[in-house]
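We number each residue from 1, following the sequence as shown. Computed from a predicted model, the values in this text were never measured in an experiment.
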Amino acid sequence: MAVVISVANQKGGVGKTTLTMNLGFALSEMGKRVLLVDVDPQFNLTFGLIGMKVLEHSNRNVGTLMTRESEIEETIVQVKDNLDLIPSHLNLSAKEIEIINAYNRERRLEKALIPVLPDYDYVLIDNPPSMGIFLVNSLTASDYVLIPLELSYFGVIGMQLMFNLMRMIREETNENLKLLGLVPNKFTRQTKVPKMRLKELKEAYPDAPILTTIPKAIALEKAQSEGKSIFEFEPDSRASKAFQKLAKEVVEIVEG
């Protein structure tokens, strides 16, 4: 049965999509069966993986899945061995109003995923930079939350908003939701500021696990723009080694 992990942060530009894609690739390379789910109306994960083929999925995407206009089996797209995708689409924003007004709206994604959970080891959900109905659905469907963040002042302070939302979800829709960890992203050693912010992060949230730090790398952005993982684009880079380490860390935490 799959472990469902939401990659989430209400702040934009922290690298959620890059993390979801490359962690998914790393887990698949370890022999894990992985399903990526794109619930972001900006569909960056989908575009990064299947490019202009996103246009072919107007009737088979995460939005139509949540409005029950499509079945999950017909919505899943194979990316490569051990790695599948439930795509987002340009029309996802239009589906938001329909989902908000639907019965049991917070559990639409959870119920849609149930039939295929036995087919995977991990489900990774890429979320929008907002606290709307898509993120609520994602957290309700998840076992764990993985939070990428930049080591800036507002990045560290903003963690409290995510923790508040997680507490609300535990109280209302998913009492078993757990924090998998924080992932400092776009880390650079060129200045002392990131190290100082990392120290502040540990002091501010002493109970939050801080996982592998992902270095700032232009190669990550270039790889995503070409629809490739960092392992295909620059397999021996510091970034690829960091994601391999993160994947092993996730497996150790989840599987023990």
Side-chain angles (χ1 to χ4, degrees), residues 1-8 16-25 27-28 32-130 132-146 173-174 224 227-229:
M1 186 69 71
V3 173
V4 183
I5 301 172
S6 277
V7 180
K16 292 184 289 293
T17 298
T18 301
L19 176 59
T20 305
M21 177 190 284
N22 287 290
L23 178 58
F25 268 86
L27 289 169
S28 71
K32 305 297 182 181
R33 297 166 299 165
V34 181
L35 174 64
L36 304 180
V37 183
D38 189 356
V39 297
D40 188 347
Q42 296 181 21
F43 62 89
N44 289 329
L45 177 65
T46 299
F47 190 76
L49 290 171
I50 64 174
M52 292 303 293
K53 288 183 179 179
V54 63
L55 298 174
E56 301 171 7
H57 293 273
S58 60
N59 298 316
R60 296 172 287 116
N61 58 69
V62 73
T64 59
L65 190 62
M66 291 172 70
T67 56
R68 299 174 181 168
E69 297 170 83
S70 62
E71 299 295 327
I72 192 165
E73 291 81 6
E74 64 182 356
T75 305
I76 292 173
V77 179
Q78 183 177 28
V79 177
K80 70 178 199 69
D81 289 346
N82 289 333
L83 187 66
D84 293 339
L85 168 72
I86 294 179
S88 180
H89 193 268
L90 293 75
N91 64 17
L92 184 56
S93 293
K95 296 290 182 185
E96 186 170 7
I97 296 174
E98 190 174 343
I99 295 166
I100 287 173
N101 292 320
Y103 173 73
N104 216 5
R105 60 187 180 184
E106 299 89 353
R107 298 190 179 277
R108 285 301 179 104
L109 183 60
E110 177 189 29
K111 289 184 178 297
L113 290 174
I114 286 173
V116 299
L117 292 181
D119 300 332
Y120 296 96
D121 299 306
Y122 290 89
V123 175
L124 304 181
I125 308 175
D126 186 27
N127 287 281
S130 65
I133 191 64
F134 294 121
L135 180 55
V136 170
N137 262 268
S138 178
L139 297 181
T140 299
S142 294
D143 301 298
Y144 292 95
V145 183
L146 192 61
T173 61
N174 183 4
Q224 188 172 320
K228 297 179 179 179
S229 71

Student: Mind checking the CG-CZ spacing from Asn82 to Arg33? Nearest 0.5 Å is all I need.
Tutor: 8.5 Å
Student: For Asp143 and Ala2, which heavy atoms make the closest approach, and how far apart are they?
Tutor: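 Looking at all heavy atoms of both residues, the shortest contact is OD2-O, 4.0 Å.
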Student: Between atom CD1 of Ile125 and atom CG of Leu35, what is the distance when rounded to the nearest 0.5 Å?
Tutor: 8.5 Å
Student: Do the non-hydrogen side-chain atoms of Tyr120 and Met1 ever get within less than 4.5 Å of each other?
Tutor: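 Sidechains of Met1 and Tyr120: no contact.
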Student: For Lys32, is there any backbone N or O sitting under 3.5 Å from a side-chain donor or acceptor partner on Asp121?
Tutor: no
Student: Side-chain donor-acceptor pair under 3.5 Å between Thr17 and Asp126, yes or no?
Tutor: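 Yes, a side-chain donor-acceptor pair sits under 3.5 Å.
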Student: Do you know which two heavy atoms are closest between Leu109 and Val39, and how far apart they sit?
Tutor: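 Closest approach of Leu109 to Val39, heavy atoms only: CD2-CG1, 4.1 Å.
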Student: Between Val77, Val116, Ile72, Leu36, which is the residue that forms a side-chain contact (heavy atoms from CB on, under 4.5 Å) with Ile86?
Tutor: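 Exactly one candidate clears the test, Ile72.
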Student: State, with a plain yes or no, whether a side-chain heavy atom of Lys111 is found less than 4.5 Å away from one of Asn104.
Tutor: yes
Student: Determine whether Thr46 and Ser88 satisfy the following criterion, side chain to side chain donor-acceptor pair (under 3.5 Å), listing intermediate values before the conclusion.
Tutor: CA-CA 6 Å; Thr46 299; Ser88 180; 5.1 Å; no
Student: Could you give the distance from CG (Asp38) to CG (Leu49), rounded to the nearest 0.5 Å?
Tutor: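 Result: 8.5 Å between the selected atoms.
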Student: Do Leu85 and Ile50 have side chains that get closer than 4.5 Å, going by heavy atoms?
Tutor: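 Side-chain contact under 4.5 Å: yes.
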Student: Evaluate whether atom CG of Asn101 has more than 12 neighbouring non-hydrogen atoms of other residues, nucleotides or ligands under 6.0 angstrom away.
Tutor: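 Yes, the 6.0 Å shell around CG holds more than 12 heavy atoms from other groups.
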Student: Is there a side-chain contact between His89 and Ser58, using heavy atoms and a 4.5 Å cut-off?
Tutor: yes
Student: Quick check against the 3.5 Å criterion: does Arg107 have a side-chain atom that pairs as donor or acceptor with the backbone of Thr140?
Tutor: no
Student: Do you know which two heavy atoms are closest between Pro115 and Glu73, and how far apart they sit?
Tutor: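 Reported closest heavy-atom pair: CB-OE2, 4.2 Å.
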Student: Under a 3.5 Å distance rule, please check whether Ser28 uses its side chain to pair with a backbone N or O of Phe25 as donor and acceptor.
Tutor: yes
Student: For the atom pair CG (Leu45) and NZ (Lys16), what is the distance rounded to the nearest 0.5 Å?
Tutor: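 Leu45 atom CG to Lys16 atom NZ measures 12.0 Å (nearest 0.5 Å).
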Student: Are the side chain of Asn127 and the backbone N or O of Ser6 linked by a donor-acceptor pair below 3.5 Å?
Tutor: no
Student: Is there side-chain contact between Met66 and Glu98, with at least one heavy-atom pair below 4.5 Å?
Tutor: no
Student: Between Asn59 and Glu69, is there a side-chain heavy-atom distance shorter than 4.5 Å?
Tutor: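 Not in contact.
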Student: Nearest heavy-atom pair of Thr67 and Lys95: which atoms, and what distance?
Tutor: CG2-CD, 4.1 Å
Student: Taking all non-hydrogen atoms of both residues, which atom of Ser138 and which atom of Ser142 are closest, and how far apart?
Tutor: O-OG, 2.7 Å
Student: Output yes when Lys53 and Glu56 qualify as a salt bridge under the 4.0 Å nitrogen-oxygen rule, no when they do not.
Tutor: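 No.
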Student: Under the side chain to side chain contact (heavy atoms under 4.5 Å, CB included) criterion, do Val4 and Leu117 qualify, and how do the steps go?
Tutor: CA-CA 9 Å; Val4 183; Leu117 292 181; 4.0 Å; yes
Student: Apply side chain to side chain contact (heavy atoms under 4.5 Å, CB included) to the pair Phe134 and Val62, showing each step before the final yes or no.
Tutor: CA-CA 10 Å; Phe134 294 121; Val62 73; 6.0 Å; no
Student: Can you tell me how far CG of Asp119 sits from CG of Asp84, rounded to the nearest 0.5 angstrom?
Tutor: 9.0 Å
Student: Any side-chain heavy atom of Leu139 within less than 4.5 Å of one from Thr173?
Tutor: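 Sidechains of Thr173 and Leu139: no contact.
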Student: Provide the closest heavy-atom pair for Leu65 versus Glu71 in the form atom of the first, atom of the second, distance.
Tutor: CD1-C, 3.8 Å
Student: With rounding to the nearest 0.5 angstrom, report the CG to CE distance, Leu124 to Met21.
Tutor: 12.0 Å
Student: Is it the case that atom CG in Leu55 sees more than 12 heavy atoms from other parts of the structure closer than 6.0 Å?
Tutor: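 Correct, the count exceeds 12.
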Student: Are Leu92 and Phe43 close enough that some pair of their side-chain heavy atoms sits under 4.5 Å apart?
Tutor: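 No, side chains not in contact.
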